[in-house]
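For reference, the structure discussed in these notes is given below.
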Amino acid sequence: MRDDPRRRGERNGRPRALVVGEALVDVVRRTDGSVAEHPGGSPMNVAIGLGRLGRGVDLLTWLGDDDRGDAVRRHLEASAVRVLTGDTSPASTSVATANLDAAGVATYDFDLVWDLPTHWDEPDVAPIVVHTGSIAAVLAPGGSAVLRLVAEHRTTSTITYDPNLRPALMGTPEATRPRVEALVALSDVVKVSDEDLEWLHPGVAPSDIAEEWARLGPGLVVVTHGGDGAFACTAAGVRLAVPAPRVEVADTVGAGDSFMAGLIDGLWSAGLLGADRRGALADVNAATLQHVLARCARIAAITVSRAGANPPSSVELGEG
């Protein structure tokens, strides 16, 4: 029954997602001198977002057996995210320091090591969707393992990817671009910020890069523009933009991750996930895509309206 698409991604009768990537501790420094410490990491935030939206989700990550690692695990469990247990782990849990400016926009410094365990307790049935991105997809030694894992799951699962680039860790655009484009080519859905694209391809219009990426393999590419909304293009030629709701911004931490979780969740609800739905995803119509992206923008707006990476639940969205 493992290869039966009707059961693909199920655990106890429910489809599940697999998120692969870093979970760490964010140390947030504000302009008033205050410092707060809480769990973070882009893939982890996506997993949290999916869990709060009611999706079954497993996180494959690299956490230390220390107090910070325990705090991250408790945070994940509180949002119904299952952390996959591996045969190896780092000596300590990684730390990212987020320095917020007066507008609440974060820049990051990192003290981390990224890898994957050799073996882990992966569910018997393939996930309906596999998501990765950010540090995990690029940083050695784990980045190459992530690339192999994504390629292996492509025959059974939708692949989603958010570059969520961290220049402080990733070297030059020229060094990073080949890995990003390799993952774009393996992916069905790519969500990327205009800031990431400006770093990778200075001076090139984000919409032009999105359309180029859509020709590399993805059925859908979405570019987020912060408070100016998002632009999307599909392999079948759909082009559309959605505005962002106007809200008072507390900070932007986790906004893109909550948008990504909303995108996966919205496509899931539309019946467009799973390798057997790859063609339908590429052919998604404008009305369906508009509905999905408007909800993503609303989810991100709620996230930026409160401090930290704190995505809304389905109940907060009036859906639960």
Side-chain angles (χ1 to χ4, degrees), residues 22 24-53 75 78-79 95-110 133-135 162-168 191-199 206-207 210 222-232 240-266 290-319:
E22 68 272 10
L24 43 79
V25 168
D26 277 335
V27 177
V28 180
R29 299 183 181 276
R30 298 182 179 274
T31 54
D32 63 4
S34 63
V35 179
E37 190 169 304
H38 53 75
S42 173
M44 188 207 76
N45 291 338
V46 174
I48 292 281
L50 285 169
R52 292 186 183 181
L53 293 172
H75 182 65
S79 293
V95 176
T97 300
N99 300 288
L100 302 184
D101 65 16
V105 177
T107 56
Y108 292 87
D109 297 310
F110 299 92
S134 200
I135 297 165
D162 178 2
N164 204 351
L165 301 173
R166 303 301 187 207
K191 192 281 292 180
V192 61
S193 72
D194 55 354
E195 292 180 348
D196 284 349
L197 292 179
E198 175 60 27
W199 184 72
S207 59
V222 179
V223 181
T224 56
H225 294 274
D228 292 325
F231 166 82
L240 59 84
V242 295
R246 297 301 173 191
V247 295
E248 185 174 343
V249 176
D251 64 51
T252 63
V253 177
D257 302 326
S258 66
F259 189 106
M260 185 75 241
L263 182 57
I264 295 169
D265 179 69
Q290 185 86 28
H291 173 76
V292 169
L293 293 178
R295 180 171 173 270
C296 292
R298 182 180 170 221
I299 288 169
I302 292 172
T303 304
V304 302
S305 72
R306 50 203 192 187
N310 185 12
S313 67
S314 56
V315 172
E316 289 178 278
L317 293 170
E319 302 167 350

Report task. Just jot down the side-chain contact (heavy atoms from CB on, under 4.5 Å) partners of P245, sequence neighbours excluded, or say none. Result -> A297, A301
Query raised in the report: side-chain contact (heavy atoms from CB on, under 4.5 Å) with P311: which residues, sequence neighbours excluded?
Result: I48, R52, S258, T303
[X]: which residues meet the salt bridge (Lys or Arg N to Asp or Glu O under 4.0 Å) condition with it, sequence neighbours left out?
X: R306; result: E316
X: E37; result: R68
X: D257; result: none

Minimal non-hydrogen separation, [X] against [Y], with atom names:
X: P43; Y: G133; value: CG-O, 3.8 Å
X: G262; Y: C296; value: C-SG, 3.4 Å
X: L24; Y: G41; value: CD1-N, 3.7 Å
X: V223; Y: D194; value: CG1-N, 4.0 Å
X: A230; Y: H225; value: CA-CD2, 4.3 Å

To the closest 0.5 Å, what do you measure between [atom1] ([X]) and [atom2] ([Y])?
X: D162; Y: K191; atom1: CG; atom2: NZ; result: 3.5 Å
X: E22; Y: S42; atom1: CD; atom2: OG; result: 6.0 Å
X: L50; Y: N45; atom1: CG; atom2: CG; result: 11.0 Å

Query - Side-chain donor/acceptor of S134 to backbone N/O of N164, under 3.5 Å - result: yes
Requested in this report: Spell out, as yes or no, whether a donor-acceptor pair under 3.5 Å connects the side chain of S193 to the backbone of D196.
Outcome: yes
Among residues at least two apart in sequence or on other chains, which ones pass side-chain hydrogen bond (donor to acceptor under 3.5 Å, both in side chains) with [X]?
X: T224; answer: none
X: R30; answer: D251
X: D26; answer: none
X: H291; answer: none

**Report entry** Trace of the side-chain contact (heavy atoms from CB on, under 4.5 Å) decision for L263 with V292
**Finding:** CA-CA 7 Å; L263 182 57; V292 169; 3.9 Å; yes
Query - Atom CD of Q290: over 12 foreign heavy atoms under 6.0 Å - result: yes
Report task. Keeping to residues at least two apart or across chains, list the side-chain hydrogen bond (donor to acceptor under 3.5 Å, both in side chains) pairs with something in residues 96-106. Result -> N99-D109
Report summary line: For residues 42-51, the salt bridge (charged side-chain N to carboxylate O under 4.0 Å, His left out) pairs (sequence neighbours left out) are none
Requested in this report: With sequence neighbours excluded, give me every salt bridge (charged side-chain N to carboxylate O under 4.0 Å, His left out) pair touching residues 292-305.
Outcome: D265-R295, R295-E319
Query - L53 vs L317, side-chain contact (heavy atoms from CB on, under 4.5 Å): CA-CA, chis, key distance, verdict - result: CA-CA 9 Å; L53 293 172; L317 293 170; 3.6 Å; yes
